[in-house]
Protein chains: 2
Amino acid sequence: MTTTTSRAIRLGPALRPTEKVLPEHARAHNRSLVLAHLFHSGPTSRADIARSTGLTRVTVSDLVAELIGENLVAELGVRAGGGRVGKPATLVGMQTEAFHIVAVDLTDDAALTGAVMTLASDVVARRTAALDGRTGDEAVAVLEGLCRDLLAAATQPVIGIGIGSPGVIDADGVVLEAPNRGWFGVPLAARLQAALGVPVHVANDANVQALGEYTYGGAGGSLMVVTIGQGVGAGIVLDGALVRGRHDAAGEIGHVTVVDERDVLLGEPAPLPCVCGRAGCLETVLSVPALRRRVAGLSPEDSDAQLASVGRKLGLALAPVVSALNLAEVVLSGPRELVGGALREAALSTVRSRTMPVIGRDLEMRTASIGEDRALSGAAVLVLSGQLGVT
Amino acid sequence: MTTTTSRAIRLGPALRPTEKVLPEHARAHNRSLVLAHLFHSGPTSRADIARSTGLTRVTVSDLVAELIGENLVAELGVRAGGGRVGKPATLVGMQTEAFHIVAVDLTDDAALTGAVMTLASDVVARRTAALDGRTGDEAVAVLEGLCRDLLAAATQPVIGIGIGSPGVIDADGVVLEAPNRGWFGVPLAARLQAALGVPVHVANDANVQALGEYTYGGAGGSLMVVTIGQGVGAGIVLDGALVRGRHDAAGEIGHVTVVDERDVLLGEPAPLPCVCGRAGCLETVLSVPALRRRVAGLSPEDSDAQLASVGRKLGLALAPVVSALNLAEVVLSGPRELVGGALREAALSTVRSRTMPVIGRDLEMRTASIGEDRALSGAAVLVLSGQLGVT
DNA sequence: TTTGTTAGTAGAGCGTCCTTACAAATTCGT
DNA sequence: ACGAATTTGTAAGGACGCTCTACTAACAAA
């Protein structure tokens with residue numbers, strides 16, 4: 001493995017709003033602006049970048065030269081297709097193949113999955129590691145081993161490692177609590193970074209997915225991802241920024257009560273006990289195990305009716321959130337055969353019927369199947385964002 | 001290298017995260033940092049500011065000199081109370097009396113209320129203007145007249161006008177829709193600014209109150225204000241930033257359904273028709289008129305029971321929002337005799353019983369009575385934030 | 001060939017902050 | 001009492017970043 005780069009890449013505007021801003025921060029910001037433009041718009045000319053960012057051509061040339069010097073950007077020859085007056089533009093584009101990112105998804109209780117990806121989130125190699133019930137420091141060791149595997153599998157310099165993990169995780173990558181992994185107050189990012197010598201970024205798995213959807217999903221800057229797996233979680237991006245919440249516990253929507261005694265009085269199923277110690281939580285009806293139990297052995301019609309019933313519960317919980325935040329989009333992330341059909345439709349129509357037309361009308365609700373590379377792409381975005389400032 | 005996730009740089013007023021950053025923006029940001037420190041911490045020395053902001057003493061001296069030149073800051077003599085080694089510090093403090101802010105609250109359907117305030121939000125003069133049912137351009141004219149009155153009443157230079165208005169309002173102060181005032185797509189801020197020659201900032205009244213609570217309420221950076229008046233609205237501040245939502249309609253929580261047919265089946269009151277055309281909205285039970293009707297002529301005990309019943313409805317709607325955002329604080333803004341007692345307690349206990357302990361335990365729910373100067377203070381914060389970058 | 005337009009670069013200039021150095025004023029140690 | 005240490009605030013010089021102006025290069029249209 002070569003070193004990541006000769007110079008430490010640290011463009012990410014990792015600045016708290018109450019921190020001072022120096023000229024070099026401004027430059028880093030503008031550099032990220034240029035890179036983000038190339039990332040999203042593909043190869044363009046320096047002049048195009050200047051028009052798009054508002055910077056002068058001179059400054060853009062300077063920034064692009066810097067980026068070329070670090071091999072993040074390359075000249076791609078002269079733009080074809082004449083017909084335009086003036087000197088033809090020299091195209092410059094991001095070198096998405098010149099660096100690699102290591103992305104790891106810890107969502108699954110049984111096995112850690114990871115991949116080596118290009119800067120465009122194309123998978124170059126995959127590795128997995130079985131947890132075999134290990135928790136605490138042993139689980140960290142398994143994770144570190146997987147990361148070493150992946151680093152060894154990378155054929156280009158690795159700019160960083162992105163990890164999506166269940167649990168409550170703060171902005172510095174400290175896992176405050178992840179009961180399923182036995183992690184409480186584990187400075188995961190710092191430990192792995194010290195051990196591996198590569199920048200490491202860790203965030204909640206649902207938050208990571210929300211970042212991925214924000215970057216690759218195409219919708220506006222206000223979205224919520226509901227992850228439906230062993231448990232139920234959520235990640236929220238508002239105005240382009242991840243919501244963290246007071247104690248970094250934003251998105252913990254799995255344990256909102258959606259079934260109570262009133263349901264019993266109306267002849268519906270009673271609230272089920274939840275791992276959190278209470279009963280009737282969203283997770284007791286919406287988690288994948290709960291859904292599978294509910295539809296096991298039923299005919300398609302009955303199954304759909306059951307899924308729709310769960311969808312209505314979800315809609316009940318989502319309606320106030322969608323209203324209060326004026327969300328543009330809710331993404332359901334889970335097995336498509338469970339969440340893609342009647343469940344999604346019932347949830348959407350419930351939200352629409354329980355909110356103002358102006359709120360519900362424009363709301364999109366779509367599915368993103370877990371198990372594909374959405375989670376890994378999100379982890380890659382974590383690195384892109386943290387190391388290069390690209391979102 | 002630390003591993004924080006990306007966070008948008010906020011360089012003072014009117015800078016979107018995707019815009020270029022020039023050295024002068026950096027300076028404006030640092031200037032605001034100095035001013036904000038003086039605003040929140042009171043008079044201190046230049047060296048203290050340097051330690052607190054991370055800037056050097058040299059730079060702080062320069063910035064302070066600039067602020068003194070604009071009369072926003074003044075030297076206040078040498079710090080008393082010895083006991084500390086070294087040269088005694090010269091205190092500098094914000095000149096809160098040297099400028100005035102005009103704040104206007106349009107929440108009330110009958111009359112506009114406004115005040116001239118110092119930079120510390122102390123009221124210097126008050127004025128009101130009756131609407132007498134006027135809407136549209138005539139209502140704008142009444143508002144403009146009130147602003148002129150207030151400008152004339154100011155005895156110091158006015159740095160700006162802050163207006164909190166019902167309705168959906170975008171970041172540029174365009175009232176997209178305010179049915180009660182008959183405003184649809186009215187560029188209120190721009191029109192008043194052109195007519196009055198003073199910077200004008202307009203925002204939704206609930207959002208304005210949320211800003212005020214964020215600045216003066218003392219709690220953390222994640223709070224929600226629920227305004228309970230003619231209608232029901234909400235404003236949300238997350239990580240120190242106002243949530244706007246996809247179409248600037250964030251906070252429109254008044255028209256979430258909280259009463260439906262199920263309640264009828266359980267022998268509870270049927271959903272009431274709502275002005276929005278649907279039925280059972282939160283506003284149909286929580287608005288001040290609805291509350292007054294509900295408790296009219298009842299004994300204190302019966303009244304409390306009714307208020308608690310409404311509080312539970314509110315709690316039902318708030319629980320998912322509090323969970324999803326990990327809010328630190330919910331502020332109920334309305335007549336204290338209605339929302340301060342049983343209603344608040346029922347809402348809080350409902351939220352607690354329907355969310356994870358870690359979410360509900362630390363949640364604060366308090367009241368802020370409308371009709372006092374909270375709304376006006378919020379409008380003043382709008383100006384402080386917009387003109388001076390102080391929040 | 002001339003004119004006009006667009007792309008990209010060079011040099012000078014201005015703004016911003018930092019580092020280093022220094023003067024002033026006070027307390028502490030002996 | 002008196003120097004040493006400490007703290008505050010300022011001044012000079014330098015590094016960095018962006019812009020403005022001016023220039024060359026390359027093309028289309030007249």
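Note that the coordinates shown come from a computational prediction; the quantities given were computed from them, not determined experimentally. Chain letters run A, B, ... following the sequence lines, proteins first, then strands; residues in each count from 1.
- Atoms CD (A:E66) and C1' (D:dC16) sit 11 Å apart, rounded to a whole Å.
- B:D62 has no carboxylate O lying under 4.0 Å from a charged side-chain N of B:R31, or vice versa, which leaves the two without a salt bridge.
- Between the side chain of B:T215 and the backbone N or O of B:T391, at least one donor-acceptor pair lies under 3.5 Å.
- Atom CG of A:L22 and atom P of D:dG14 are 21 Å apart (whole Å).
- For the pair A:L91 CG and C:dG8 C1', the interatomic distance rounds to 14 Å; values are reported in whole Å.
- The NZ atom of B:K87 sits 14 Å away from the P atom of D:dT7 (whole-angstrom rounding).
- Within residues 52-64 of chain B, the residues approaching DNA chain D are B:R57, B:V58, B:S61, by heavy-atom distance under 4.0 Å.
- Between B:R27 atom CZ and D:dC16 atom P there is a gap of 20 Å when expressed in whole angstrom units.
- In this structure, the CG atom of A:L33 is 15 Å from the C1' atom of D:dG17, given to the nearest Å.
- Heavy atoms of A:R51 sit under 4.0 angstrom from primed sugar atoms or phosphate atoms, though from no base atom.
- No donor-acceptor pair closer than 3.5 Å links the side chain of A:S222 to the backbone N or O of A:V237.
- Separating the NE2 atom of A:H29 from the P atom of D:dC18 is a distance of 11 Å, rounded to the nearest angstrom.
- In this structure, the side-chain contact (heavy atoms from CB on, under 4.5 Å) partners of A:S52, at least two apart in sequence or on a different chain, are A:H37.
- Regarding contacts with the backbone of C:dC17, a side-chain N or O of B:N30 is found under 4.0 angstrom from either OP1 or OP2.
- Residue B:K20 places at least one side-chain N or O under 4.0 Å from the OP1 or OP2 atom of D:dT19.
- Using a cutoff of 4.0 Å between basic side-chain nitrogens and carboxylate oxygens, B:D48 and B:R57 are not scored as salt-bridged.
- Checked by atom type and distance alone, the side chain of A:N204 never pairs as donor or acceptor with a backbone atom of A:I169 at under 3.5 Å.
- Here the C1' atom of nucleotide D:dC18 and the CD atom of A:E24 are 15 Å apart, to the nearest Å.
- For D:dT6, neither phosphate oxygen OP1 nor OP2 lies less than 4.0 angstrom from any side-chain nitrogen or oxygen of B:R84.
- Put simply, the side chain of A:D170 gets close to the backbone of A:D172: a donor and an acceptor are under 3.5 Å apart.
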